[in-house]
Number of protein chains: 2
Amino acid sequence: MIAQVATDQPGPATEPAALPAPRRTQRVSMAHVARLAGVSSQTVSRVSNGHPGVGEETRAQVLTAMKQLGYRPNSAARALKRGEFRTIGVILFTLATTGNIRTLEAIATSAANEGYAITLIPVTAPTQDGVRGAFTRLGELAVDAVIVIMEVTLADVGVLPLPPHVQVVVADSNAGDRYSVVDTDQAGGTREAVRHLLDLGHRTVWHISGPAESFAAQRRARAWRATLEEAGREVPPLAAGDWSAESGYRAGLLLARNPECTAVFAANDQMALGLLRALHEAGRSVPHDVSVVGFDDIPEAGSFPPPLTTVHQDFAEVGRRCVAGVLRKMREEHAPERGTTLVPTHMVIRHSTAPPPTAPPAPAG
Amino acid sequence: MIAQVATDQPGPATEPAALPAPRRTQRVSMAHVARLAGVSSQTVSRVSNGHPGVGEETRAQVLTAMKQLGYRPNSAARALKRGEFRTIGVILFTLATTGNIRTLEAIATSAANEGYAITLIPVTAPTQDGVRGAFTRLGELAVDAVIVIMEVTLADVGVLPLPPHVQVVVADSNAGDRYSVVDTDQAGGTREAVRHLLDLGHRTVWHISGPAESFAAQRRARAWRATLEEAGREVPPLAAGDWSAESGYRAGLLLARNPECTAVFAANDQMALGLLRALHEAGRSVPHDVSVVGFDDIPEAGSFPPPLTTVHQDFAEVGRRCVAGVLRKMREEHAPERGTTLVPTHMVIRHSTAPPPTAPPAPAG
DNA sequence: GTGCGGAATGTTTACGTAAACATGTTGGAT
DNA sequence: ATCCAACATGTTTACGTAAACATTCCGCAC
C-alpha cells in the first residue's frame with residue numbers, strides 16, 4: 001500500500017531525461033515519512049502539528065524525513081478529520097467596481113492574517129439562477145463561512161438561499177434584518193458632502209446617482225434628498241447614472257446647460273470625472289462656476305483636473321469587520337446575530353469645491 | 001455512529017425558540033440519506049454523482065431523502081477520495097493595479113466555466129519571505145494548480161520556490177524559460193502606439209514609464225526605445241513614473257515646459273490622466289499642442305478630458321489562456337512545457353492624438 | 001523491592017466518499 | 001425447465017489525518 005511512492009523524491013534538480021515517470025498517486029503521506037523515520041504515523045502527526053510529547057531526537061528524525069521526502073500535509077484529509085477548511089468563501093457579482101475590489105482586497109488581507117484563505121465565487125448573473133448556482137457550488141465547496149458582497153438588488157430573489165451550517169456576513173446591503181451586515185456609512189458620508197456644499201453657500205445641490213439596483217446608490221440618493229429637505233432647500237431633479245464615467249459625462253452635459261446648477265454631488269468618483277469633462281467642454285470652470293464632490297476617493301481622484309473633493313471610504317475597515325464578524329460567528333456557533341455595522345467615512349477636501357460665483361457671505365435665504 | 005444527527009433537520013422554517021441545539025458534528029452524510037431512503041450509501045453516492053445503474057424509483061427516493069435532510073456532499077471527503085480539489089490557487093502581489101484585477105476577474109470567470117473555484121493567495125511583501133510564506137501556505141492549501149500573477153521583479157528571489165506536484169502558469173512575467181507564461185504583447189502594443197504618433201508626423205515620442213520593478217513597465221519602455229531607434233529618431237530622456245496618476249502629473253509638469261515635446265506615450269492610462277492634468281494646467285492643449293497615448297484602455301479612458309487614445313489589452317483572453325494552460329498541464333501530467341504565449345493588443349484611437357502643431361505633411365526629416 | 005505516575009510512543013478507529021468487487025434478481029434464449 | 005446476460009443494489013475497502021485509547025519504559029516514593 002505504500003509502494004507507489006519512491007518515483008518522486010523531489011531531490012535537488014534531478015531533471016529526468018526523457019519520459020517522466022507516470023505520476024498521480026505519488027503524494028507523500030505521513031505513512032511514508034513514518035516509515036523512513038522509523039516511527040509510527042501518529043508520531044509524525046504529532047510533529048506535524050507541533051504537539052508536545054515527542055522526544056527531541058525523534059522529532060529531529062521526523063523533521064529530517066519530512067524534508068527528505070518533501071512531505072506536505074494533505075489538506076483534504078486534514079479538513080475531513082477536523083471538520084473545517086480554514087477557508088472563507090467570498091461571493092460577489094463583479095470585480096468591475098472600485099468598492100468591490102477594495103473590499104475584496106481588504107478581506108483577503110485580514111483573512112490571511114487570521115490564517116484563513118479566500119475562495120472566490122463569482123456570480124455571473126444577478127438573478128435567482130445566478131445566485132442559486134453560486135450557492136449550489138458553494139454548498140459543495142471547501143468553505144467554512146461566507147462573505148457576500150452584495151451591492152445590488154437581486155432582480156428576482158427575495159431571500160438568499162443560504163446553505164445550512166455556513167455562517168454569513170454580508171457587505172454592502174440592506175439585509176440587516178436577516179443577516180449581519182457590514183457597510184460604509186453611506187448616509188453619513190453623503191450628508192457630509194451635501195452639507196459641505198451648502199455651507200460653502202450654494203443654494204442647493206444637484207445629484208448624479210448610481211444605478212437604481214445598487215444599494216449604495218439608493219442610500220446615497222436618499223441621504224442627499226433628506227439632507228436637502230432638512231436644510232429646507234429645493235430638491236432638484238436627480239440625474240441617473242450607472243457608476244461609469246461615461247454616464248457622468250452624459251449627465252454632465254445636461255447639468256452644464258443649467259446656469260442654476262452650481263454644485264453637484266456625484267455618487268462616485270468615476271462619474272465625477274465624466275462630469276468634470278462635460279463641464280470643461282461646456283466652458284464652465286470648476287470650482288469657480290460649479291463645485292463638484294465625488295464619493296469613494298479612488299487613488300486617481302487627487303489627479304483629476306482639478307483634484308476632486310470627495311468622500312473617503314475605509315474599505316480596509318469594512319474588510320476587517322467582515323472577516324472578524326464571520327469568524328466570531330463561526331466560533332460562537334449559536335446566536336446568529338443580525339444587524340448592521342456602519343464604518344464611518346471622512347471628507348477629503350481638494351480643489352473641486354468653492355463658494356458659488358455670486359457668493360453670498362451669509363447662508364442664502 | 002449515526003446517532004448524532006437528528007437535531008438538525010433543516011425543515012421548513014422551524015425556528016427553534018430559544019437555545020439552538022449544540023451544533024458541530026451534525027453534518028448530514030450519505031449514510032443518513034441512505035438510511036432514510038432505505039438504501040445503501042453507495043446508491044446514494046451513485047445518485048449524487050449522476051452515475052447510471054440506479055432504478056428510477058430508487059433514484060427518486062434518494063433525491064427526496066437528500067432534499068429532506070438538506071444533504072450536501074462533503075467536499076473534503078470527496079477531494080480526499082478523488083485526489084483533486086477542483087480549485088486553482090492564484091498568487092498575486094496586489095489588487096491595486098487595473099491589470100491584476102482584470103486578469104483575476106477573467107481567471108475567476110474562466111475557471112468557474114470549467115467547474116473550478118479560485119483560491120486567492122495574497123502575498124504581502126514581494127520579497128523572498130513574502131513569497132515563501134505564500135507558497136508554504138499554498139503547499140497546505142486545497143489547490144490543484146497555481147497561477148501566479150507576478151508583475152514585479154522580486155527583490156531577492158531568483159526562482160520561485162514552487163511546491164512539487166502543482167502545475168503552474170505565470171501571468172505577466174519574464175520567466176518564460178522556466179515556466180509557462182501568458183502575457184499581453186507589451187512590445188507589440190507599444191510599437192503600435194509609438195508608430196501611431198510617428199505616423200501623425202511627430203518628430204519623436206516621449207515616454208512616461210512605470211516603476212522599474214515592473215516587467216510590463218520594463219518591456220514597454222524597451223519597446224518604446226527600440227521603435228524609435230528603428231525609425232532612426234532621437235530617443236528623448238525617459239520620465240519615470242510609478243503607475244499612479246500623481247506620478248504622471250509630476251512627470252507631466254516637466255514635460256509641459258519643453259516645447260520640443262509634442263507627443264507622449266504613457267505606460268498606463270492613470271499616468272496619462274495625470275499627464276493630461278499637468279498639460280491642461282500648463283495651458284498646453286491636447287491634442288493640438290501635445291498628443292498623448294496611454295496603455296490598458298481602462299473603462300474611464302473614454303471619458304478623460306479629452307478621451308484618451310490608448311492601447312487596449314485583452315485581459316479576458318489572458319485569463320482564459322492561463323486557466324486553459326494550467327488545466328492542460330494538469331491533465332497531461334508530463335511535459336512541463338515552458339515558453340511564453342502573447343495575447344495581442346489593439347489600439348483605440350480617440351481624441352488625444354493629432355498631428356503636431358507645425359504639421360509637416362510629409363514624414364519629417 | 002514494589003508500585004505508581006508520567007512521559008514517549010504505538011494501535012485502533014472514524015471522518016465521508018467512491019472505486020472495486022460481490023451479490024441478488026429479472027427475463028429472454030435455448 | 002435451465003441457464004446466463006444485464007441490470008440493480010449491497011459490501012468492502014482505501015484515501016490521509018488525528019483523536020482516543022493502549023502500551024511500554026523509566027524513575028522515584030514508600
Side-chain angles (χ1 to χ4, degrees), chain A residues 1-5 24-62 65-66 69-86 139-142 144 165, chain B residues 1-5 24-62 65-66 69-86 139-142 144 165:
Chain A
M1 295 134 210
I2 287 180
Q4 299 263 26
V5 181
R24 182 100 284 179
T25 326
Q26 49 10 346
R27 279 218 50 149
V28 182
S29 79
M30 293 204 315
H32 308 134
V33 176
R35 162 156 311 198
L36 178 59
V39 299
S40 76
S41 59
Q42 182 55 40
T43 300
V44 177
S45 170
R46 283 191 265 255
V47 172
S48 173
N49 293 353
H51 283 292
V54 180
E56 238 354 283
E57 200 179 342
T58 314
R59 159 168 273 114
Q61 267 175 319
V62 171
M66 294 211 297
L69 295 176
Y71 169 76
R72 304 262 163 193
N74 177 317
S75 56
R78 194 170 262 195
L80 174 59
K81 194 90 235 305
R82 297 213 272 229
E84 62 162 17
F85 300 94
R86 301 197 72 77
E140 308 184 358
L141 231 45
D144 299 315
H165 310 311
Chain B
M1 297 133 211
I2 288 180
Q4 299 262 28
V5 181
R24 180 100 285 177
T25 325
Q26 42 23 334
R27 278 219 48 151
V28 182
S29 79
M30 293 202 318
H32 308 135
V33 176
R35 161 157 309 198
L36 178 59
V39 300
S40 77
S41 60
Q42 182 54 41
T43 299
V44 177
S45 170
R46 283 192 266 255
V47 172
S48 173
N49 292 351
H51 283 291
V54 180
E56 235 358 279
E57 199 179 343
T58 315
R59 160 169 273 113
Q61 265 176 320
V62 171
M66 293 211 295
L69 294 177
Y71 169 75
R72 303 265 162 189
N74 178 319
S75 57
R78 197 170 260 194
L80 174 59
K81 193 91 233 310
R82 299 213 272 228
E84 61 161 20
F85 300 94
R86 300 197 72 77
E140 309 184 358
L141 232 45
D144 300 314
H165 310 312

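Just so it is clear, the structure is predicted and the values come from calculations on it, not from any experiment. Quick note on labels: first sequence line is chain A, next is B, and so on, each numbered from 1.
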Between atom [atom1] in [X] and atom [atom2] in [N], what is the gap in whole Å?
X: B/Gln61; N: D/dT9; atom1: CD; atom2: C1'; value: 13 Å
X: B/Lys81; N: C/dA18; atom1: NZ; atom2: P; value: 8 Å
X: B/Glu84; N: C/dA18; atom1: CD; atom2: C1'; value: 13 Å
X: B/Met30; N: C/dA18; atom1: CE; atom2: C1'; value: 7 Å
X: A/Arg35; N: D/dG16; atom1: CZ; atom2: P; value: 14 Å
X: A/Tyr71; N: D/dG16; atom1: OH; atom2: P; value: 10 Å
X: A/Glu56; N: C/dA7; atom1: CD; atom2: C1'; value: 14 Å
X: A/Arg82; N: D/dC15; atom1: CZ; atom2: P; value: 21 Å

Which part of the nucleic acid, if any, lies within reach of [X] when heavy atoms closer than 4.0 Å are counted: base, sugar-phosphate only, or nothing?
X: A/Val44; answer: nothing
X: B/Gly53; answer: base
X: A/Ser45; answer: base
X: B/Val39; answer: sugar-phosphate

Rounded to the nearest 0.5 Å, how far apart are [atom1] of [X] and [atom2] of [Y]?
X: B/His32; Y: B/Ser29; atom1: NE2; atom2: OG; answer: 4.0 Å
X: A/Ser75; Y: B/Leu80; atom1: OG; atom2: CG; answer: 9.5 Å
X: B/Arg35; Y: B/Leu69; atom1: CZ; atom2: CG; answer: 11.5 Å

With a cut-off of less than 4.0 Å, is there a side-chain N or O of [X] near OP1 or OP2 of [N]?
X: B/Asn49; N: C/dT17; result: no
X: B/Ser41; N: C/dG16; result: no
X: B/Arg78; N: C/dG16; result: no
X: B/Thr58; N: D/dT9; result: yes

Between [options], which one does the side chain of [X] approach most closely?
X: B/Leu80; options: C/dT17, D/dC15, C/dG10; answer: D/dC15
X: B/Gln42; options: C/dA20, D/dT9, C/dA14; answer: C/dA20
X: B/Asn74; options: C/dA19, D/dT11, C/dT17; answer: C/dT17

Query raised in the report: How about B/Thr58 and B/Arg46: does a side-chain donor come under 3.5 Å of a side-chain acceptor?
Result: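 Distance-only check fails for B/Thr58 and B/Arg46.
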Query raised in the report: Looking only at N and O atoms, is any donor in the side chain of A/Arg46 or the base of C/dG10 less than 3.5 Å from an acceptor on the other one?
Result: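 Yes.
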Query raised in the report: Would you say the side chain of B/Val47 lies within less than 4.5 Å of the side chain of B/Gln61, judging by non-hydrogen atoms?
Result: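 Not in contact.
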Query raised in the report: Are the side chains of A/Lys81 and A/Ser45 in touch, meaning some heavy atoms are under 4.5 Å apart?
Result: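 No, every pair of side-chain atoms sits at 4.5 Å or beyond.
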Query raised in the report: Of A/Arg59 and B/Ser48, whose closest DNA chain C nucleotide lies nearer the 5' terminus?
Result: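 On the 5' side of the pair lies A/Arg59.
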Requested in this report: With DNA chain D as reference, determine whether B/Gly55 or B/Ala77 sits nearer its 5' end, using the nearest nucleotide of each.
Outcome: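 Its nearest nucleotide lies further toward 5', so the answer is B/Gly55.
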